[in-house]
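Data first, discussion second: the structure below is written as structure tokens.
Throughout, a chain's letter reflects where its sequence line sits, starting with A, and its residues are numbered from 1.
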Amino acid sequence: MFIFDSAKKIKREFIPQVDGKVSLYVCGPTVYDDAHLGHAKSALVFDLLCRVLSANGYEVTYARNITDIDDKIIKKALEQNKTIKEITDFYTDAYHKEMALLGIKRPNIEPKATESLDAMYALIQKLLDNKHAYKTANGDVYFDTSSDNEYLTLSKRVQDDSDKLQRVESSSHKKNAADFALWKSVDDDSVTFDSPFGKGRPGWHLECSAMIEKHLSKPDAKFAVDIHGGGADLLFPHHENEAAQTRCATNHALAAYWMHNGFVNIDGEKMSKSLGNSFFLKDALKIYEGEVLRFYLLSTHYRSNFNFNEEDLATAKKRLDKVYRVKKRLFGLTHENEKTLFQNELLGTLSDDLNISASLALIDEMITRANETLDTAGKHKELKRETLSNLSYIEKLLGFGEKNPYEYFQFGVDEETKTKIATLIQMRDEAKSAKDFAASDAIRDEILAYNVNLMDTPQGSFWEKI
RNA sequence: GGUGCCAUCGCCAAGUGGUAAGGCCGCAGCCUGCAAAGCUGCUAUCCCCAGUUCAAAUCUGGGUGGCACCUCCA
């Protein structure tokens, strides 16, 4: 397996520290608002990575955190006159439900910041003990970036001493502008935690390092985790700071491989909280099947920026439709899973830094060959078995094609409409039997008015929602 | 201003030195009562200029045009 390591900026062979086992940590959401398409993209990318690692025989331990301590959460709780826990529970639950609709498997471990405070305190204490952190007069604890000679080696940045930064930070007690908070002293009626360093709240960067130490890290390993992932925006400062903390507090580096997924733009514009054009997943899921969104968001390589628009989504659906049409042609047949050349090739392209385009091309070609044979030699039992095996391999590895094909094609159609269409199809069948094509075509127009496609087959007439 | 990424057919999108995958759209045909679906065939020399090389979309330099990060963000 090959992975593009965004720290070294090259694609290199993936070799885990322990034979056959992989530890993966991904930065998860701060639960103060609904998940948007960017959260979905990130979760999808690492879901795919886990599936591909598993298919390669690795036993994967995957941790993704839930940040439930944050100023934005506190602000929202105050605005809505709710407790912190009410806010974080609500959005954590929503996140889980929406990700499940996209076919994303839950990580093995989902640590919460509120449950990881001890690990954070321990990390701060180590950094204070070995002089990589310092306390300020007002009780804050800062990481001393000047004490880490490898600082900025991850993001390959040059130290920014611009006037702008100096002005912004001039009010704090930091030694250097680049220093970041490990502990923020807060002594008022808002949410605080009693730490060995006084009342306050932890710095955001700290929790990931602490959770990794607590849940994934082996004391003697050279790297705390094999793979650390997240959105491209997290490379700096978040991951840079995480890496610095871990490097200075422990005897190992944070990650052997770093993976960063590209951004999701909406109709060519950056989606961001400050611009207020976030496309919430819950809204997208009202209009599109979760599986279609999964297919669409995964259809472009994970490192590329992704430009979301409805036309491309419709095109992606057509491509997924083809998977389900061939599944429909073979519906009801049983098979035993068998290894095929196609499956080897598919695993091969996905194992090359998750080359999804090459993988989808293989799938399209496999489907075309299957349809071709089914058209010309309908009783080809061996091909049917092989195709069914391939489809179930695709389900396992890529997470789409799992539904009943008839249900897939009728997403979002209510029962009343389904009954009406069924009645009309029956009427049309009768007209067709009587060779009254004028009448049957008139009925077809009625059916098509429900925004569906009608297709006659030897097994009868079927319809699909467009 | 600093740093980095990208530019491939109308659209989406692979391909990082050996002579352009795949999907959508379009056109023609097979199939069909007619359709739909499916199948077959057709459609690019890779932003521009210069260079390296037997050979470049792929490497180097310059240019043009997008974008991102440097502040919370997946």
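A:Lys41 contributes a side-chain N or O that, together with a main-chain N or O of A:Leu297, makes up a donor-acceptor pair within less than 3.5 Å.
Contact annotation for A:Trp463: no contact, since no heavy-atom pair falls under 4.0 Å across all strands. Counting any heavy atom pair closer than 4.0 Å across all strands shown, A:Arg319 reaches a base atom. Within the 4.0 angstrom heavy-atom criterion, only backbone atoms of the sugar-phosphate kind lie near A:Ser304; the bases stay farther away. Using a 4.0 Å heavy-atom distance criterion, A:Ser42 is classed as a sugar-phosphate-only contact. Heavy atoms of A:Lys318 sit under 4.0 angstrom from primed sugar atoms or phosphate atoms, though from no base atom. Within 4.0 Å (heavy atoms only), A:His238 reaches no atom of the nucleic acid at all. Nucleic acid contact for A:Ser440: base, since at least one base atom lies under 4.0 Å from a heavy atom of the residue. Base contact: A:Lys432 has a heavy atom under 4.0 Å from a base atom. Across all strands shown, A:Glu464 has no heavy atoms under 4.0 Å from either base or sugar-phosphate atoms.
Atom C1' of B:U3 sits at a distance of 50 Å from the matching atom of B:G41, rounded to the whole Å. Using atom C1' as the reference point in both B:A28 and B:A68, the two lie 45 Å apart (nearest Å). The gap from the C1' atom of B:A56 to that of B:G61 amounts to 15 Å, rounded to the nearest Å.
Classification of A:Lys465 and A:Glu289 as a salt-bridged pair fails, no side-chain N sitting under 4.0 Å from a carboxylate O. Comment: A:Lys11 engages A:Asp352 in a salt bridge, judged by a side-chain N to carboxylate O separation of less than 4.0 angstrom.
The base of B:C34 is paired with the side chain of A:Asp456 by a donor and an acceptor separated by under 3.5 Å. Between the base of B:A36 and the side chain of A:Arg444 there is no donor-acceptor pair shorter than 3.5 Å. Not a single donor-acceptor contact under 3.5 angstrom links the side-chain atoms of A:Asn355 to the base of B:G15.
Protein atom CG of A:Leu320 is 14 Å distant from nucleotide atom C1' of B:C24, rounded to whole Å. For the pair A:Phe263 CZ and B:C5 C1', the computed distance is 13 Å after rounding to whole Å.
Each of A:Tyr408, A:Phe409, A:Tyr324, A:Tyr406 was compared with A:Phe331 under the ring-ring contact (aromatic ring centres under 6.0 Å, His included) criterion, and only A:Tyr406 meets it.
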